[in-house]
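Here's the structure, in structure tokens; my notes come after.
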Amino acid sequence: VARIALVGGTGGLGKALCLAWCKDNQVVIGSRRLEKAQETLNAVKQRMRELGLSDYSSNISASTNSEAIKNSSLIVLTLPHDVDEKFILELAPYIQPGSVVVSPVSPFTLQGGSFQSIFRFKGGLPISFAEWVRDLLGTERVVSTLQTFPASRFYREGTINCDIPVAGDDHDAVHTTMEYLSQISGVRPIYVGPLSVSLQLELMTPLLLNVERFSRIRSPAIKLV
Ligand SMILES: NC(=O)c1ccc[n+]([C@@H]2O[C@H](COP(=O)([O-])OP(=O)(O)OC[C@H]3O[C@@H](n4cnc5c(N)ncnc54)[C@H](OP(=O)(O)O)[C@@H]3O)[C@@H](O)[C@H]2O)c1
């Protein structure tokens, strides 16, 4: 059974991914504080009971971020975009060489009534959060995906019929990530190119939030036809 670490797994995306992956994997909710991870674990177990998934509750656990990462083959950074460089660098020693690091992060803010992207720059050009993480961790096994996953809706309903774009440079890391995404009820992963495409994926989260805000479509997701 594979082990998946959710770094900062105590937020909305982490909780949804616990439900998404608990049937087929060991999922570890990571936090800066063990007690907070344990509280989240209890909340997710309650939701699993409501969704008829209690048979799998022994597959999820709580720990500190560094403990979660050790021995995990998939490490998902369910973190806010303004996380410190130091925080990412301190994760590095715990990541096993063959592990895949997934970035679902989108940098955006609410500005003047609409959601707007925020950019980081490298050599005068904007770079994605995922590329920034790759540069800090010094691994090519970073995969960008899940920016368009409607976490709150998945947490409510336990399934979602949508497509999830995936970008990454390492063929094996992309393949592995797509296998995990395929396990999520209703999700079809779609490969969209190298990690440099991540900037385009990260722009999609504020777009979907604007769809929700201005066209009142609740928790919108995308389907490519
Ligand atoms: N929510 C969604 O629907 C959704 C969907 C797709 C993608 N995303 C992306 O996924 C990421 C996570 O989303 P979320 O809504 O779960 O985020 P969140 O609730 O804002 O944050 C997740 C966790 O990150 C940890 N954290 C907060 N500040 C930190 C810091 N300065 N340093 C280290 N850890 C910190 C906290 O955990 P502890 O306090 O327990 O350490 C927090 O519970 C975001 O970048 C978002 O854009 C979200």
Inset, instruction - Using the side chain to side chain donor-acceptor pair (under 3.5 Å) rule, take Ser198 and Gln200 through it: C-alpha gap first, then chi angles, then the decisive distance, then the call. - result: CA-CA 5 Å; Ser198 182; Gln200 295 165 26; over 6 Å; no

Just by distance, no angles: are the side chains of [X] and [Y] close enough, under 3.5 Å, to form a donor-acceptor pair?
{"X": "Ser185", "Y": "Thr159", "result": "yes"}
{"X": "Asn65", "Y": "Glu90", "result": "no"}
{"X": "Glu179", "Y": "Gln183", "result": "no"}

Between the side chain of [X] and the main-chain N/O of [Y], is any donor-acceptor distance below 3.5 Å?
{"X": "Arg188", "Y": "Leu224", "result": "yes"}
{"X": "Arg153", "Y": "Ser219", "result": "yes"}
{"X": "Thr78", "Y": "Gly8", "result": "yes"}
{"X": "Trp21", "Y": "Val27", "result": "no"}
{"X": "Glu202", "Y": "Ala130", "result": "yes"}
{"X": "Arg3", "Y": "Ser73", "result": "no"}
{"X": "Asp163", "Y": "Ile222", "result": "no"}
{"X": "Asp170", "Y": "Ala173", "result": "yes"}

Considering non-hydrogen atoms only, spot the tightest contact between [X] and [Y] and give its length.
{"X": "Ser31", "Y": "Lys36", "answer": "OG-CB, 3.8 Å"}
{"X": "Ser99", "Y": "Ser72", "answer": "OG-O, 2.8 Å"}
{"X": "Pro194", "Y": "Asp169", "answer": "CB-OD1, 3.1 Å"}
{"X": "Tyr191", "Y": "Val166", "answer": "CD1-O, 3.3 Å"}
{"X": "Thr148", "Y": "Ile164", "answer": "OG1-CD1, 3.9 Å"}
{"X": "Phe149", "Y": "Ala16", "answer": "CE2-CB, 4.0 Å"}

Is the count of non-hydrogen atoms from other residues, nucleotides or ligands lying under 6.0 Å from [X] atom [atom1] greater than 12?
{"X": "Gln111", "atom1": "CD", "result": "no"}
{"X": "Tyr155", "atom1": "OH", "result": "yes"}
{"X": "Lys86", "atom1": "NZ", "result": "no"}

Inset, instruction - Evaluate the side-chain proximity of Glu212 to Pro220: yes if any heavy-atom separation is below 4.5 Å, no if none is. - result: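 Side chain of Pro220 against side chain of Glu212, heavy atoms only: contact under 4.5 Å found.
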
Legend entry - His175 and His171 aromatic ring geometry - parallel, tilted or perpendicular at 30°/60° bounds: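 The rings of His171 and His175 lie parallel, inter-plane angle below 30°.
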
Legend entry - Pairwise distance CG(Leu17) to CG(Leu6) - rounded to 0.5 angstrom: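 Rounded to the nearest 0.5 Å, the CG-CG separation comes to 6.0 Å.
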
Legend entry - Inter-residue atom distance Arg213.CZ - Leu208.CG, 0.5 Å rounding: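 Arg213 CZ to Leu208 CG: 14.5 Å, rounded to 0.5 Å.
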
Legend entry - Carboxylate-amine/guanidinium proximity below 4.0 Å for Lys70 and Glu67: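 Salt bridge between Lys70 and Glu67, a charged N being under 4.0 Å from a carboxylate O: yes.
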
Legend entry - Electrostatic pair Lys23:Asp55 at N-O distance under 4.0 angstrom: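 No.
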
Inset, instruction - Output, in order, the C-alpha distance, side-chain angles, deciding distance and verdict of side-chain contact (heavy atoms from CB on, under 4.5 Å) for Ile95 and Thr139. - result: CA-CA 10 Å; Ile95 300 175; Thr139 169; over 6 Å; no

Inset, instruction - Could you give me the CA-CA distance, side-chain angles and deciding distance for Ser61 and Gln26, then say whether side-chain contact (heavy atoms from CB on, under 4.5 Å) is met? - result: CA-CA 8 Å; Ser61 60; Gln26 297 285 334; 5.6 Å; no

Inset, instruction - Give the intermediate values and the outcome of side-chain contact (heavy atoms from CB on, under 4.5 Å) for residues Arg156 and Arg218. - result: CA-CA 12 Å; Arg156 281 197 305 276; Arg218 196 177 174 206; 3.4 Å; yes

